[in-house]
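Being a predicted model, the structure only gives us computed values, none of them experimental.
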Amino acid sequence: MSTVQATAVRCPHCGRTNRVPVAAEGRPKCGHCKQPLPWMVDAGDDDFTEVAERADVPVVVDLWATWCGPCRMVSPALEKVATDLAGRVKLVKVDVDKNPRLSQRFEVQAVPTLLILDRGETVARQAGAAPAPALRQWVEQSINARKG
């Protein structure tokens, strides 16, 4: 996996487009206004360790499938949470059908399955869809419990 891979992210504060590496140290900030950027990337069997487990911010992992209706419903809610918590979390999406090793490793029996990783360690797990406010509360409680 090459860390030069990047995604284009529109800054929610000033509207400028920024290139954000899929795997990097630190927390991405807008090159123009210096505000934290939402960090949302895809990962798979071959690059999950570099993209998710080596992140120095907590990682919300969305294990999903293209055919899954609840997955399509929860995706915008997770993106909202990642935007609201920009600089505090990284959202990593994993298509379980294309990445069977990760699906097996995390014992995915239903999709969506959501995980929170802190330095590669699973600190919270939840199956099923939920609205953005409930997801945000779950993410924040999981992160704060880990700090405390």
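Atom CD1 of I116 is separated from atom CH2 of W138 by 4.0 Å, given to the nearest 0.5 angstrom.
Counting all heavy atoms, side chain and backbone alike, A43 lies closest to N99 at O-ND2, 4.0 Å. For the pair A65 and C71, the tightest heavy-atom approach, listed with the atom from each and the gap, is N-SG, 3.7 Å. Between K34 and G31, the closest heavy-atom pair is NZ-O, 2.9 Å.
Taking 4.5 Å as the limit, some side-chain heavy atom of L37 sits within range of a side-chain heavy atom of C11. The closest side-chain heavy-atom distance from K90 to V51 is below 4.5 Å. No side-chain heavy atom of L63 sits less than 4.5 Å from a side-chain heavy atom of L114. Taking 4.5 Å as the limit, some side-chain heavy atom of F48 sits within range of a side-chain heavy atom of R105.
Between R88 and E140, at least one side-chain N (NZ, or NE/NH1/NH2) sits under 4.0 Å from a carboxylate O, which counts as a salt bridge. Salt bridge annotation for D62-K93: present, with a cationic side-chain nitrogen under 4.0 angstrom from a carboxylate oxygen. Here D84 pairs with R136 in a salt bridge; the nearest charged N to carboxylate O distance falls below 4.0 Å.
Paired with V81 under the rule side chain to side chain contact (heavy atoms under 4.5 Å, CB included), one option of L135, V60, L91 passes, and it is L135.
Using a 3.5 Å distance cut-off with no hydrogens or angles, the side chains of K98 and T66 do not pair a donor with an acceptor.
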